[in-house]
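In what follows, a single structure is set out as structure tokens and then discussed.
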Amino acid sequence: IMSKQNELAQLADAVTVDGSGNLDVSGTLAATSYTGSGSGLTGTGKILQVVKSQGTSSITFSQDFSAYSTIVSASITPSSTSNGILIMAQNALDGCSGGHYPALHGHIARGGTTLDGMELVLYQGSTQSHRIAVIPHSFIDYPNTTSSVTYNSNWANSSGSSRSGTYGGVGNQYDTSRMFLFEIED
């Protein structure tokens with residue numbers, strides 16, 4: 001009992017309640033939920049703004065394996081040069097071919113600068129078939145600017161190790177690609 005009394009005494013010293021019922025805490029308070037806007041919260045990691053965009057039309061990728069097509073893009077204006085941007089792309093893709101090793105390769109880019117890439121190898125034998133999926137791709141960027149920044153999810157055909165053959169990769173055909181940008185206070 002004495003231990004619980006000491007804990008309550010320490011809590012009483014750390015927490016005060018004003019006449020309106022608002023809590024004031026000295027030290028750290030762990031909360032599982034709160035109401036209100038959260039504008040008074042402090043510390044790093046706070047999400048300052050969110051931007052959402054989605055692809056607008058079906059895009060067939062070129063047979064030139066180095067020619068990327070943008071399937072979704074979004075722009076954000078950071079409020080501080082030290083803040084990060086969390087990019088979360090949901091890429092609606094269809095890798096369709098009659099070859100053995102069709103593949104798609106894509107990357108997240110800021111303007112013309114590639115930030116992070118990935119490749120999807122879609123082996124399924126030599127039958128004509130669609131390989132349809134929504135593929136997530138995330139990356140955190142620190143653009144060091146307070147000017148508008150545009151991020152793109154770019155994709156192109158590929159064909160496994162040989163990079164030959166005719167492949168029909170498509171974006172936004174059976175679903176819609178989406179991109180979310182989160183400015184995170186650093």
Side-chain angles (χ1 to χ4, degrees), residues 47-186:
I47 295 174
L48 302 176
Q49 63 174 314
V50 178
V51 174
K52 177 189 173 201
S53 180
Q54 62 184 41
T56 57
S57 61
S58 177
I59 299 169
T60 300
F61 306 143
S62 167
Q63 290 301 305
D64 177 350
F65 300 128
S66 61
Y68 288 88
S69 298
T70 299
I71 62 172
V72 64
S73 66
S75 297
I76 193 168
T77 303
S79 59
S80 170
T81 57
S82 64
N83 291 343
I85 306 297
L86 171 60
I87 306 121
M88 296 178 69
Q90 296 174 336
N91 303 290
L93 301 169
D94 173 16
C96 177
S97 79
H100 287 282
Y101 297 100
L104 301 173
H105 56 277
H107 60 252
I108 291 175
R110 176 181 5 100
T113 303
T114 297
L115 301 175
D116 191 53
M118 68 186 318
E119 183 153 22
L120 304 173
V121 178
L122 308 163
Y123 178 78
Q124 194 173 335
S126 62
T127 60
Q128 178 73 23
S129 61
H130 293 271
R131 294 133 175 124
I132 302 165
V134 176
I135 304 296
H137 191 177
S138 301
F139 186 78
I140 296 178
D141 184 36
Y142 290 87
N144 194 29
T145 185
T146 55
S147 299
S148 180
V149 180
T150 299
Y151 293 95
N152 302 309
S153 182
N154 302 321
W155 287 84
N157 280 310
S158 174
S159 61
S161 60
S162 66
R163 292 191 184 263
S164 63
T166 303
Y167 299 95
V170 182
N172 301 323
Q173 181 168 339
Y174 296 104
D175 203 342
T176 302
S177 297
R178 292 170 180 79
M179 181 176 282
F180 300 88
L181 304 177
F182 301 84
E183 181 184 5
I184 301 173
E185 186 175 50
D186 189 27

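Note: D94 CG to F61 CZ = 9.0 Å, rounded to the nearest 0.5 Å. Here I184 contributes atom CD1 and S82 contributes atom OG; the two are 12.0 Å apart, rounded to the nearest 0.5 Å. For the atom pair CD1 of I108 and OG of S138, the computed distance is 6.5 Å after rounding to the nearest 0.5 Å. Distance CG/L104 to CG/N157: 6.0 Å, rounded to 0.5 Å. Considering CD1 of I71 and OG of S177, their distance stands at 3.5 Å, rounded to 0.5 Å. To the nearest 0.5 Å, atom OH of residue Y142 and atom CG of residue N83 are 9.0 Å apart.
Residues V51 and S75 form no side-chain contact, since every pair of their non-hydrogen atoms from C-beta on lies 4.5 Å or further apart. Counting only heavy atoms from C-beta outward, the side chains of I87 and M179 approach each other to under 4.5 Å. Side-chain contact between K52 and Q54: present, with at least one pair of heavy atoms (C-beta onward) separated by less than 4.5 Å. For the pair S153 and H137, the minimum side-chain heavy-atom distance is 4.5 Å or more. Between L86 and I47, the closest side-chain pair of non-hydrogen atoms is not below 4.5 Å. Residues P78 and P143 have side chains in contact (heavy-atom distance under 4.5 Å, counting atoms from C-beta outward).
Between the D175 side chain and the A92 main chain, no donor and acceptor come within less than 3.5 Å of each other. Proximity of a side-chain donor or acceptor of N91 to a complementary backbone N or O of V134 within less than 3.5 Å is not detected. Under a 3.5 Å cut-off, the side chain of Q49 and the backbone N or O of I76 do not form any donor-acceptor pair. Between the side chain of S53 and the main chain of S73, a donor-acceptor pair closer than 3.5 Å is present. Counting only distance, with no hydrogens or angles, the side chain of N152 and the backbone of A109 share no donor-acceptor pair below 3.5 Å. Judged by distance alone, the side chain of D141 and the main-chain N or O of I85 form no donor-acceptor pair under 3.5 Å.
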Next on the checklist: Please determine whether side chain to side chain donor-acceptor pair (under 3.5 Å) holds for the pair S58 and N172, giving the CA-CA distance in whole Å, both sets of side-chain angles, and the decisive distance to 0.1 Å.
Outcome noted: CA-CA 5 Å; S58 177; N172 301 323; over 6 Å; no

Checklist entry - Does the pair S79 and E183 meet the rule for a side chain to side chain donor-acceptor pair (under 3.5 Å), with working shown? => result CA-CA 8 Å; S79 59; E183 181 184 5; 2.8 Å; yes

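Shown here are the ring pair (Phe, Tyr, Trp, His ring centres under 6.0 Å) partners of Y174, two or more places apart in sequence or in another chain: H130. Every residue two or more places apart in sequence or in another chain that forms a ring pair (Phe, Tyr, Trp, His ring centres under 6.0 Å) with H107 is listed here: Y68.
Considering all non-hydrogen atoms of both residues, L93 and G171 come closest at CD2-CA, 4.5 Å.
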